[in-house]
Trainee: 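Here's a structure for you.
Here is the naming used below: chain letters follow the sequence lines, and residue numbers restart at 1 for every chain.
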Number of protein chains: 2
Amino acid sequence: MVTSRTHGGDPHAEYHHGNLRTALLNAVEQQLPEKGPEGVSLRAAAKAVGVSSAAAFRHFRDKRAVMSAIAARAHNGMADRMEAASDEARKNNTSQFVAIGHAYLDFALSEPMRFQTMFRTKLLDTADEDLIKAEERLTSILLTHGGDVDPSRSYSTTDRENANQNGPFPSFALLAWGAVHGLANLAIEDAIPGTPTEDRKAVIHSALALIGRNV
Amino acid sequence: MVTSRTHGGDPHAEYHHGNLRTALLNAVEQQLPEKGPEGVSLRAAAKAVGVSSAAAFRHFRDKRAVMSAIAARAHNGMADRMEAASDEARKNNTSQFVAIGHAYLDFALSEPMRFQTMFRTKLLDTADEDLIKAEERLTSILLTHGGDVDPSRSYSTTDRENANQNGPFPSFALLAWGAVHGLANLAIEDAIPGTPTEDRKAVIHSALALIGRNV
DNA sequence: CTTGCATGTTATCATTGATAACATCATTTT
DNA sequence: AAAATGATGTTATCAATGATAACATGCAAG
């Protein structure tokens, strides 16, 4: 439990915590599932770590800085899972597009509050460099493998011509992103009527299956 | 500004407000755009209406009751717009499916914080009857006109067979809902990279166009 | 050794949701 | 008409939270 310190067991042995920053982040992540992005308390986190409430502000400018770090972690966590899933799919010669879609949903449904934190702009510092990097990493994955389903299978030629003309996101990739993102959010917020929690995934997968060949 | 009262201009003329409940709701809705669903303050609303902070709790059990009323209003507001758009489309002999999709998006993008409040389950009382009714009204519209695009145009037979087998929402309607909902949320949270605010709608429409014939 | 910086601590604030005890007016009951 | 009753507001008062200022402590560099 004791972090790396130089000297021994005097009463002030824990004066300098050693790794308070990440300890606080961990404490915040621990209350996240129950309290939600807006409900987490820095003071509670500080108390949990065994430190005064003001100590947090030596490591974070304000609460937004904390939440930005949490969001960056979440972005990277999801990106990791998506890359792993994509690699696996490549090996198995199955659709990487489907794989990252599933990974997106899995992450969102298994860690709903971390997922929501990623998109709670009001809580985040849009200038936080780590967060920006993490966001770019994620959207880059979405972009890279989000277009490798051939829309010509199911969509008209004029639609296919549209498929790449908007911003950094080809329309089809954006549609797919929007669909998983929206369905994940609806599921998390319990907005899909008549669907018990266990059936969620199946119902959503069945809906997503309509998008490409079978997402 | 003076509400309906019985007697004249004595110092206590405004002792009973007359319509404090809706006045408070209006005041809350006014701070909603800037403060967001979690940021609104009952005390501030009470002060704005010119009443003590405790007065609010004579009309609302707690903050969740207030937010539930706001959410119910928003649900009904969106339902109104969707019905109007749907009727218009019926007259013009254009797709009602497309019309309600556009209405959903328009509402979400023009009143983002009211829209978000509708789905902030943490802030809402899931047992609030008015809210439940409003939710049912909205999902009923989504259900009624959400399926009137024939998936057989673009999707495989096996997919079409799946189209109605899940809960109250046929898969296709759920997919469409998820797509508009997700794209709206991504836009509101500024998560779509490289897309200035003015281009949002166009980009999203272009993506949604891939879903049916042209949503 | 001593000076300086990083890191924590102890007050202290303003804001907020919430509750209790009390006041006031309108309406109904006698 | 007088009095009881209930709805509606008011004035304290609480605990929790984010945030800041003033102070303390210990390590590390000169």
Side-chain angles (χ1 to χ4, degrees), chain A residues 2-25 27-28 31-32 34-70 120 122-125, chain B residues 2-25 27-28 31-32 34-70 120 122-125:
Chain A
V2 175
T3 58
S4 62
R5 301 296 316 293
T6 29
H7 63 315
D10 70 50
H12 284 282
E14 289 299 329
Y15 190 90
H16 287 292
H17 186 281
N19 209 0
L20 187 51
R21 189 191 147 94
T22 66
L24 284 170
L25 289 180
V28 166
Q31 27 174 349
L32 196 50
E34 193 193 353
K35 303 294 182 183
E38 291 88 1
V40 292
S41 152
L42 292 201
R43 301 181 75 118
K47 182 175 289 184
V49 170
V51 95
S52 85
S53 48
F57 294 92
R58 295 280 172 203
H59 298 268
F60 299 97
R61 179 184 189 79
D62 53 14
K63 198 181 185 180
R64 279 164 67 228
V66 179
M67 299 315 291
S68 300
I70 301 283
R120 285 290 203 283
K122 279 245 165 55
L123 302 180
L124 305 177
D125 177 4
Chain B
V2 175
T3 58
S4 62
R5 299 301 315 295
T6 30
H7 62 316
D10 71 48
H12 284 284
E14 289 300 330
Y15 190 90
H16 286 296
H17 185 282
N19 210 0
L20 187 52
R21 190 192 147 94
T22 66
L24 284 170
L25 289 180
V28 166
Q31 28 173 346
L32 196 50
E34 192 193 354
K35 302 294 182 184
E38 292 87 1
V40 292
S41 153
L42 292 201
R43 302 182 74 115
K47 183 175 289 182
V49 171
V51 95
S52 85
S53 48
F57 294 92
R58 295 283 171 200
H59 297 267
F60 299 97
R61 180 184 189 78
D62 54 15
K63 197 181 185 180
R64 278 164 68 228
V66 179
M67 300 314 292
S68 299
I70 301 282
R120 284 292 204 282
K122 279 244 166 58
L123 302 180
L124 305 179
D125 176 4

Trainee: Which nucleotide, D:dG9, D:dA19, C:dT10, lies nearest any side-chain atom of A:Ala54?
Mentor: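 The closest nucleotide is C:dT10.
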Trainee: Between D:dA16 atom C1' and A:Gln31 atom CD, what is the distance in whole Å?
Mentor: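 Computing the A:Gln31:CD to D:dA16:C1' distance gives 13 Å.
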Trainee: Determine the contact category for B:Ser52: base if any of its heavy atoms lies under 4.0 Å from a base atom, sugar-phosphate if only primed atoms, P, OP1 or OP2 are that close, otherwise nothing.
Mentor: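 If one applies the 4.0 Å heavy-atom cut-off, B:Ser52 turns out to touch a base.
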Trainee: Under 4.0 Å, heavy atoms only, any strand: does B:Val66 hit a base, just the sugar-phosphate, or nothing?
Mentor: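 Nothing: the residue B:Val66, judged by heavy atoms under 4.0 Å, touches no strand.
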Trainee: Nearest-Å distance, CD (B:Glu38) to C1' (D:dG18)?
Mentor: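 The answer, rounded to whole Å, is 16 Å.
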Trainee: Ignoring hydrogens and angles, tell me if any N or O in the side chain of A:Lys63 forms a donor-acceptor pair with the backbone of A:Val40 under 3.5 Å.
Mentor: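 Flag set: sc A:Lys63 to bb A:Val40 pair under 3.5 Å.
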Trainee: State, to 0.1 Å, how close B:Pro37 and B:Met67 come at their nearest heavy-atom pair, and which atoms those are.
Mentor: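 Closest approach of B:Pro37 to B:Met67: O-CE, 3.6 Å.
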Trainee: Which listed nucleotide (C:dA21, D:dA19, D:dA22) is nearest to the side chain of A:Arg58?
Mentor: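 Among C:dA21, D:dA19, D:dA22, the one nearest the side chain of A:Arg58 is D:dA22.
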Trainee: Find the distance B:Leu42:CG to C:dT19:P and express it as a whole number of Å.
Mentor: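 B:Leu42 atom CG is separated from C:dT19 atom P by 12 Å.
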Trainee: What is the separation between atom CG on A:Leu24 and atom P on D:dG18, rounded to the nearest whole Å?
Mentor: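 About 12 Å, once rounded to whole Å.
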Trainee: If you assign each of B:Arg61 and B:Ala44 to its closest nucleotide in DNA chain C, which residue comes earlier from the 5' end?
Mentor: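 By nearest-heavy-atom nucleotide position, the 5'-most residue is B:Ala44.
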Trainee: Looking at C:dG8, I'd like to know if its phosphate oxygens (OP1 or OP2) sit under 4.0 Å from a side-chain N or O belonging to A:His59.
Mentor: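 Looking at the OP1 and OP2 atoms of C:dG8, one of them is under 4.0 Å from a side-chain N or O of A:His59.
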Trainee: What are the two closest heavy atoms between A:Ala46 and A:Ser52, and how far apart are they?
Mentor: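 Reported closest heavy-atom pair: CB-O, 3.5 Å.
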Trainee: Go nucleotide by nucleotide along DNA chain C from the 5' end; which of A:Val51 and B:Arg43 gets its closest nucleotide reached first?
Mentor: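 Here A:Val51 is the residue nearer the 5' end.
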Trainee: Report, as yes or no, whether the 6.0 Å neighbourhood of atom NZ on A:Lys35 holds more than 12 heavy atoms from other residues, nucleotides or ligands.
Mentor: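 No, because the 6.0 Å sphere around NZ of A:Lys35 holds 12 heavy atoms or fewer from other groups.
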Trainee: Roughly, in whole Å, what's the span from CG in A:Leu20 to C1' in C:dT9?
Mentor: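 It is 13 Å, rounded to the nearest whole Å.
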Trainee: Return the value, rounded to whole Å, for the distance between atom NZ of A:Lys47 and atom P of D:dA16.
Mentor: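 Checked: the NZ to P distance equals 7 Å.
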Trainee: D:dA7 P sits how many Å from B:Arg21 CZ, rounded?
Mentor: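 B:Arg21 atom CZ is separated from D:dA7 atom P by 16 Å.
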Trainee: Counting only side-chain nitrogens and oxygens, does A:Ser41 get under 4.0 Å of the OP1 or OP2 atom of D:dG18?
Mentor: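 Checking D:dG18 against A:Ser41, a side-chain N or O does come within under 4.0 Å of OP1 or OP2.
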Trainee: Using whole Å, report how far CZ of B:Phe60 lies from P of C:dT19.
Mentor: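 Rounded to the whole Å, the gap is 15 Å.
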Trainee: Choose from C:dT9, C:dA18, D:dA19 the nucleotide whose nearest atom is closest to any side-chain atom of B:Asp62.
Mentor: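 Among C:dT9, C:dA18, D:dA19, the one nearest the side chain of B:Asp62 is C:dA18.
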Trainee: Please evaluate residues B:Leu42 and B:Phe60 with respect to the criterion side chain to side chain contact (heavy atoms under 4.5 Å, CB included), reporting the C-alpha separation (whole Å), side-chain torsions for both, the decisive distance (0.1 Å), and the verdict.
Mentor: CA-CA 10 Å; B:Leu42 292 201; B:Phe60 299 97; 5.9 Å; no
